[in-house]
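Here is the structure we will look at, set down as structure tokens.
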Amino acid sequence: MNFDQMTAQIATGAGFIAALDQSGGSTPKALRGYGVEDNEWDGDEEMFARIHEMRSRVITSPSFGNGKVIGAILFEKTMDGEVDGLPTPGALKKRGVVPFIKVDQGLADEENGVQLMKPLDKLPALLEKSVAKGMFGTKMRSVIKSANAEGIAAIVAQQFEVGNQIADAGLVPMLEPEYDITASDRAEGEQILLAEIMKGLDALPEGRKVMLKLSIPVEPGLYTPAINHPNVLRVVALSGGYSTDDACEHLAKNPGMIASFSRGLLQDLRKGQSDEEFDGALGGAIDKICAASCAG
């Protein structure tokens, strides 16, 4: 797939984007969920080797290449590795899956009800490498904890500022100002978030495309104005800690928004499953998430 073909698939594809981008802090929990205990690896290199084995199994599973997964978000070490004898981005494209790369370096301490991204000092080098490896886009996460207008404005401004750097480098940025789904004031805060996002979108140069990755809103259809904005390639939803069933139920109420789930995709996969059992569990999740993504 060339860049134009990948753009068309992400813009109009009937399916969803898999999130396979757990990094250092979240990897042990992901491995435990898969059935790999902490005593089965020693140090970061072995830990990342174990998670790469899991991701490779997902990517090479027959159900992953059935056309319902239109994109996948990778961690840098996964991008740098190989799957089935090919560089991971190439292995994904061979299966018709558009590759994205997680570029943030973690979260800063909470201030004004939000956690901004830590300074992205490695970003220029990572973007250069990602372009060379044939990646299509990026993803970067920050988190909103409460309906603080000043904090939400700051988090959106940071996302768009970095997003423009990414677009200048030739990749499509996926902006992810996640709203904590446990926040009691989320309905109010999401209204503020939408207003700030629309300001940011309106300020983009004509023709510049970005993507948005957002928590499934309390008010169904809230993000329709962003979905319809000419500078938006696609709006995707994170599962945010919901189970697969709950995430799909909420997502189906939001036409035009497709899934980009991690836990919701991987929660029933286990190391000890046979290949047939593994593919059955993965395929069941893929079918369910795709149906919710295409409900509108």
Are any of the side-chain nitrogens in Asp104 or Lys122 under 4.0 Å away from the carboxylate oxygens of its partner? no
So, for Ala30 and Ile51, which heavy atoms are closest and what is the spacing to 0.1 Å? CB-CD1, 4.0 Å
Name the orientation class of the two ring planes belonging to Phe136 and Phe100 (parallel below 30°, tilted from 30 to 60°, perpendicular beyond 60°). perpendicular
Decide, yes or no, whether a salt bridge links Asp180 with Arg186 under the criterion of side-chain N to carboxylate O below 4.0 Å. no
Tell me whether the count of non-hydrogen atoms from other residues, nucleotides or ligands lying under 6.0 Å of CD in Gln5 goes above 12. yes
Could you tell me whether Lys118 and Asp109 have a side-chain N and a carboxylate O separated by less than 4.0 Å? no
Going by an N to O cut-off under 4.0 Å, is there a salt bridge joining Lys288 and Asp245? yes
Is Lys129 salt-bridged to Glu76, going by a charged N under 4.0 Å from an acidic O? yes
Taking all non-hydrogen atoms of both residues, which atom of Ala226 and which atom of Leu212 are closest, and how far apart? CB-CD1, 3.8 Å
Taking only Lys NZ, Arg NE, NH1 and NH2, and the carboxylate oxygens of Asp or Glu, determine whether Lys271 and Glu37 approach each other closer than 4.0 Å. no
Could you walk me through whether Glu82 and Thr88 pass the side-chain hydrogen bond (donor to acceptor under 3.5 Å, both in side chains) check? CA-CA 5 Å; Glu82 291 190 351; Thr88 307; over 6 Å; no
A side-chain contact here means heavy atoms from C-beta on lying under 4.5 Å apart; do Val36 and Trp41 qualify? yes
Please tell me whether Ser142 and Glu176 have a donor and an acceptor in their side chains that are separated by less than 3.5 angstrom. no
Count the heavy atoms of every other residue, nucleotide or ligand shown that sit under 6.0 Å from CD of Glu128, and state whether that count exceeds 12. no
Cationic tip of Arg270 within the cone over Tyr34's six-membered ring, i.e. under 6.0 Å and within 45° of the normal? no
For Phe75 together with Phe48, are the ring centres under 6.0 Å from each other? yes
Do Met198 and Leu194 come within less than 4.5 Å of each other through their side chains, counting heavy atoms only? yes
Same cluster (ILVMFWY, side-chain, under 4.5 Å), Phe160 and Leu123: yes
State, yes or no, whether a side-chain contact exists between Asp268 and Leu282 at a heavy-atom distance under 4.5 Å. no
Would you say Val172 ends up clustered with Ile197 if hydrophobic residues are merged whenever their side chains have heavy atoms under 4.5 Å apart, either directly or through other cluster members? no
Shortest non-hydrogen contact from Ile152 to Leu193? CG2-CA, 3.7 Å
Ile227 reachable from Ile216 in the ILVMFWY side-chain graph, under 4.5 Å edges: yes
Report yes or no: do Val236 and Leu201 belong to one cluster of Ile/Leu/Val/Met/Phe/Trp/Tyr joined by side chain heavy-atom distances under 4.5 Å? no
Does Asp42 CG have over 12 foreign heavy atoms under 6.0 Å away? no
Centroid separation Phe261 to Phe16 less than 6.0 Å: no
Shortest non-hydrogen contact from Ile101 to Ser130? CG2-OG, 3.6 Å
Consider salt bridge (charged side-chain N to carboxylate O under 4.0 Å, His left out). Of Lys77, Lys102, Arg55, Lys139, which one does Asp21 pass it with? Lys139
